[in-house]
Amino acid sequence: MKTLYLAPLLLAAAGTVLAQAPAASSTDQKPTPPPQTKSFDASAIDKTADPCTDFYQYACGNWVKNNPIPADQVRWARSFSLLGERNRYYLWQELDAASKDPKTPLQKQYGDYYAACMDTSLIDQKGLEPLKPALDRVAALKSAKDLGPLVGELAMHGDPAPLFRFGVQQDEKDSSKQIASIFQAGLSLPDRDYYLVDNPRFTRIRAEYHDHLVKMFTLAGDSADDAAKEADAVLKIETALAKGSTSRTELREPENRYHIKTLAELKDLAPDFDFTTYFKDIHVGQFQTLNVATPNYFKALNDLIASEPVDSWKSYLRWHLLHGSASDLPKGFRDENFDFFGKTLAGQKEQTPRWKQCTAQTDRALGEAVGQDWVKQHFPPSSKASMDKLVAALDKALGDDIKTLPWMSDETRKAAEAKLMLYRNKIGYPEKWRSYAALSVKRNDALGNVHREAIFDRDYNLNKLGKPVDEKEWGMTPPTVNAYYNPSQNDINFPAGILQPPFFDPDIDPAVNFGGIGVVIGHEMTHGFDDEGSKYDGKGNLREWQTADDRKKFTERTDCEVQEYGGFEAAPAHGDVAEQKLNGKLTLGENTADNGGLRIAYMALQDTLAEEGKNLDEKIDGYTEAQRYFIGFAQVWCQNQTEQSARQSALVDPHSPGKWRVNGSVQNFDEFGKAFGCKKGQPMYPEHSCRVW
Ligand SMILES: [Zn+2]
């Protein structure tokens with residue numbers, strides 16, 4: 001899944017951080033509704049800056065100066081954060097009301113889920129008791145060779161079961177099939193680099209992580225000596241698993257995560273892990289072959305099973321139980337978890353208020369239940385109709401772009417057009433809502449609800465094995481401020497949450513809307529043709545459709561972007577901490593989508609204005625329509641971010657930070673330099689720029 005903003009995995013990681021904060025008194029103020037963000041904000045502009053030198057500074061400078069990061073955030077983005085907070089507020093209102101006076105069985109279910117999460121005094125009073133069955137299971141481990149049955153049993157009960165992710169997904173080479181797939185997942189820090197890279201900053205983080213492990217084990221009742229030994233064991237196992245893990249950049253290449261193997265071949269990779277019992281425990285149906293996404297990881301895991309004593313494995317699993325449950329454990333755990341993962345790693349000053357955490361947690365668990373009521377209030381049918389028109393305009397523009405691309409042969413052009421013809425789109429919310437009837441929610445059992453939800457969700461996923469693909473299913477909940485392209489389904493998806501100001505405003509001139517939601521639509525469409533998406537055909541199968549010569553030209557062009565963005569700074573050097581540059585390869589797909597989106601939304605805007613007998617030179621409030629388009633686009637990306645979080649993002653986030661999403665895109669698009677009267681050779685209007693689409 002290719003997203004517009006933070007990737008789902010990252011959201012989950014950020015969610016872990018969000019979900020750690022307890023109801024601290026200072027941050028537990030009564031919720032208030034944040035104001036709507038303007039789609040075009042002249043007061044955000046820094047008029048002392050030269051748009052041709054640094055357009056981001058020009059379009060966002062005053063906003064950046066006047067909007068410091070709130071204490072409970074690590075990144076504060078003018079569009080995503082403000083709209084996200086607003087959506088969350090209205091979601092909270094609904095949850096709060098449902099928790100007090102539910103009117104329907106569904107409201108009772110999500111109201112109780114929210115209420116249980118909010119009841120921190122009951123959570124504190126219960127101590128570790130809700131986790132005790134799982135802790136006892138881990139303590140009873142006799143031999144490292146019994147890991148398979150133990151991890152299976154933990155998963156069966158919905159407890160955090162680390163080491164790998166197992167689930168059902170579409171077959172990359174036959175998208176009509178849903179097959180089993182297994183993927184590396186054994187680390188706690190955000191990326192393998194945190195364990196493996198030797199520099200002063202990571203050395204300090206590893207020492208702080210060790211301290212955190214000791215504190216968590218101590219809180220769980222272990223002696224200081226034992227806790228120190230347990231922390232050593234966890235760090236040793238996770239470091240070895242990090243070495244065996246494939247890097248994020250390598251995983252961008254679909255072939256690097258596609259290895260169809262028989263069950264016997266999986267067992268050959270890791271003979272000491274009892275997969276037979278594990279698969280039986282989690283109640284997955286019969287299968288003979290599966291995708292082993294990261295084979296080397298499973299070899300490394302097997303080596304570790306042979307080399308590490310059983311006590312080390314107990315420490316590792318005990319840690320993952322505490323860590324994975326921290327947001328629903330007593331205050332001491334929640335505080336300590338925030339201190340490391342929130343404050344130390346990401347630079348967050350204060351814990352997120354509990355109502356925000358519980359709103360987010362309920363949305364993750366019961367999103368299509370809560371969303372049904374939410375869209376009634378926040379997504380009028382007129383928005384859907386406007387979006388249909390906008391998507392059609394962007395679709396035509398991308399078609400025109402493909403027709404006129406200078407580097408492409410006719411053969412590849414035909415194949416690209418065929419792929420575009422097969423694009424599908426989903427707007428707002430699902431046609432058919434998912435049923436939560438099988439999920440039992442108890443008002444007095446926060447952690448139990450999390451466990452039952454984990455089982456419910458896994459059963460839902462595993463039940464897809466061998467079944468036809470449901471093309472109408474959604475990968476995001478309705479209030480989410482994001483969008484995505486799914487290469488296996490070749491579809492673009494826009495949740496109701498993003499179809500509001502500042503992205504989409506029915507009352508503003510088309511230029512600003514095309515700079516906002518128009519570029520978002522163009523971004524998602526271009527994902528189907530980025531370095532990763534372009535390897536899938538219109539039916540969602542991993543299959544080359546470019547000629548060898550065109551693929552070579554395509555790669556020369558994407559290499560240009562790799563070089564360009566790889567030169568951009570994510571965080572400056574200071575003291576013994578080195579400068580952090582962006583990873584041009586990791587961010588290539590998103591940068592390509594940004595560049596393509598900006599170009600085709602501009603083409604679509606030209607068409608739309610022409611139909612109305614207007615053009616881009618007309619002025620509103622002192623700016624031409626072309627200028628308003630680019631300013632509207634840039635102001636989507638105004639943001640402040642803590643340095644810790646910016647460094648973390650540079651390693652794990654495939655999206656570039658706001659500044660480079662703006663400046664990188666405009667300097668690759670000559671129409672920008674023309675719109676602002678720049679001189680050829682100025683930074684935002686260079687002699688040589690990169691272009692893929
Ligand atoms: Zn994207």
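In each ligand, atom 1 is the first atom listed, and ligand 1 is the first ligand listed. Nothing fancy with the numbering, it's 1 onward along the sequence.
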- Message: Is it true that Asp54 and Asn663 share a donor-acceptor pair across their side chains at a distance under 3.5 Å?
- Response: yes
- Among the protein atoms near the Zn ion (ligand 1), how many are N, O or S and lie under 2.8 Å away? 4
- Item | Contact list for residues 484-512, test ring-ring contact (aromatic ring centres under 6.0 Å, His included), sequence neighbours left out | Phe80-Phe503, Tyr423-Tyr485
- Task: Take Val481 and Tyr5 through the test side chain to side chain contact (heavy atoms under 4.5 Å, CB included) and record every step on the way to the result.
- Result: CA-CA 9 Å; Val481 185; Tyr5 193 49; over 6 Å; no
- Test: Arg628 cationic atom under 6.0 Å from Phe40 six-membered ring centre, within 45° of axis: yes
- Task: Determine, for Phe554 and Arg557, whether the Lys NZ or Arg CZ falls below 6.0 Å from the six-membered ring centre while staying within 45 degrees of the axis.
- Result: no
- Item | Salt-bridge criterion met for Glu569 and Lys581 (N-O under 4.0 Å) | no
